[in-house]
Participant: 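Have a look at the structure that comes next, please.
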Number of protein chains: 2
Amino acid sequence: MNMSPRNDSCQNCPIRHSAVCAECDAHELAVLEQLKSYRTYAPGASIASAGEPLTHLSSLVVGCATMSRTLEDGRRQSVGLLLPADFIGRPGRAVSLFDIEAVSEVTLCRFERQQFERLVRDTPHIASRLLSMTLDELDVARGMAVTLGRMTAREKIVSFLVSLARRQAAVTKREPREMPVALHLPLSRQAIADHLGLTIETVSRQLTQLRKAGLITLGDSRDITIPDFERLQLEVGEDEVTGTI
Amino acid sequence: MNMSPRNDSCQNCPIRHSAVCAECDAHELAVLEQLKSYRTYAPGASIASAGEPLTHLSSLVVGCATMSRTLEDGRRQSVGLLLPADFIGRPGRAVSLFDIEAVSEVTLCRFERQQFERLVRDTPHIASRLLSMTLDELDVARGMAVTLGRMTAREKIVSFLVSLARRQAAVTKREPREMPVALHLPLSRQAIADHLGLTIETVSRQLTQLRKAGLITLGDSRDITIPDFERLQLEVGEDEVTGTI
DNA sequence: CGTAAAGTTGATTTTGTTCAAAGAACGTGG
DNA sequence: CCACGTTCTTTGAACAAAATCAACTTTACG
């Protein structure tokens, strides 16, 4: 609700080289600078709702959000975890198909829909980057379908932890091979359950089992250590870069 | 394997107005005409394999194919049903992440990867259409995640039938409201099971139950009639345009 | 502190899988 | 054109994985 007071320069932006603007040159960045606005959301706040108009398209700058859909009777399925540099919204569609909810405090870099759509039309560097990001997201979404459709509860949890560690490593620029890997879960047990198509009880039990098997260590319920990353990876019947998140 | 002998003009192409070339003008089409080649695949033939190079990007012109991934122990999950106008392959990625298999006889309109990537770079009408199609596919893939993660077997089947009927209606230009709706299943029971994250037995049982409930009629095992489309839709805990396929 | 929210653990039930077998459809070759 | 084998589909019975129901523990927070 509160407009962020700061008006940081794109040059210092933490997602400058990974967001939708990544390919832009200085001149293009100057245009973005004119059009962008920041907005922050408190943890738990709704950023968008399925079926409701989405007036702005944004890049997530700081924090973590989930994209999900809730069926009439309350069953919820998350379809994506949004982390810094991820893009929110769909040029050409005025209405969101999913609920988007801030998990931690979130800062978005926003563009008014019409203006952004013009940008996409007139700025090949943006169009090309958006296409590339969308294609990546598509691969991730399809990998997610494999996880949801065919993996056991244990495999789902392991695959989630592995993806999270990889994604965290990509930011930290540390290889997840460096052991042990310390992992902070951005999601509650319930949110993990919604992400993996499980119940909260099953998530809890599987984590306990992994702990008893020595594959992970649980500190604070949000902090996990993976003593042997390779060994954890072996637990899931899939190799290579499939990306569950 | 066999190069199609024909060299049809794009003007008469059945997917002229819905494929990746939909926005192209006559001049751009002339360029495509120079670069394209047709190739057909027999039912069951492999069009691409996960982990293998994909030298051509294509539009599916005629037929039906599935995109899937198989885990080491043989569990398979389909992540998409490919129908006419659907695009196959990913500019910027030389290796396929999924297996693509012809279900019926399939004709592809193919472009050599490098050449197509140049086309995307130089032809805004293609880039823009590709982006739009990719965004649509992303929504579909995420809708699929909701189905796989949170729906019961019965809901999965109903949602599959409803989507198929809608998609078929889009081609036929008949409203699925016109009753009764005749539906031809392009997939075997096993392929449906792989698509919905179920076993073949569960698919069969659920179809039988739907038949006993009077929601569908089974003729040939591939031919289904939906006497009351509205009523079938009510069976699934989701409304609106979510797109399961 | 004391209350609420989040997480864990146990007992039981349900849904869908697995195992098994029989029935229908299809294609081939005699 | 029909017999035969193969594949696909259906159905049944037993089983297993995860959900549900319920209680208890831990953590967070005013």
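FYI, side chains are in, hydrogens and waters are out, and symmetry mates aren't considered; it's all heavy atoms of this structure. Small disclaimer: the values here were computed from a predicted structure and weren't measured. Reminder, nothing fancy here: chain letters follow the sequence lines and each chain counts from 1.
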Participant: Any side-chain heavy atom of A/R110 within less than 4.5 Å of one from A/R39?
Facilitator: yes
Participant: How would you list, by chain and number, every residue that makes a side chain to side chain donor-acceptor pair (under 3.5 Å) with A/D228, sequence neighbours excluded?
Facilitator: none
Participant: Between P on D/dT7 and CZ on B/R189, what's the gap in Å once rounded to a whole number?
Facilitator: 18 Å
Participant: How would nucleotides 20-26 of chain D be written as a contact map, 5' to 3', with B for base contact, S for sugar-phosphate-only contact and - for no contact, using protein heavy atoms under 4.0 Å?
Facilitator: BB-----
Participant: Between A/R222 and A/K212, which has a closest nucleotide on DNA chain C that is more 5'?
Facilitator: A/R222
Participant: Identify the 5'-most and 3'-most nucleotides of DNA chain C with at least one atom closer than 4.0 Å to a non-hydrogen atom of chain B.
Facilitator: C/dG16 to C/dC19
Participant: Is any side-chain nitrogen or oxygen of B/S221 closer than 4.0 Å to OP1 or OP2 of D/dC8?
Facilitator: no
Participant: Could you pull out all residues at least two apart from A/R189 that satisfy side chain to side chain donor-acceptor pair (under 3.5 Å)?
Facilitator: none
Participant: Can you give me the bend angle of the helix from C/dC1-D/dG30 to C/dG30-D/dC1? Use the axis through the first five pairs and the one through the last five, nearest 10 degrees.
Facilitator: 40°
Participant: Sequence neighbours left out, what pairs pass ring-ring contact (aromatic ring centres under 6.0 Å, His included) with at least one residue falling in residues 59-88 of chain B?
Facilitator: B/F87-B/F116
Participant: CD1 of A/I200 versus C1' of D/dA19: gap in Å, rounded?
Facilitator: 13 Å
Participant: Select base, sugar-phosphate, or nothing to describe what A/S188 touches, counting heavy atoms under 4.0 Å on all strands.
Facilitator: sugar-phosphate
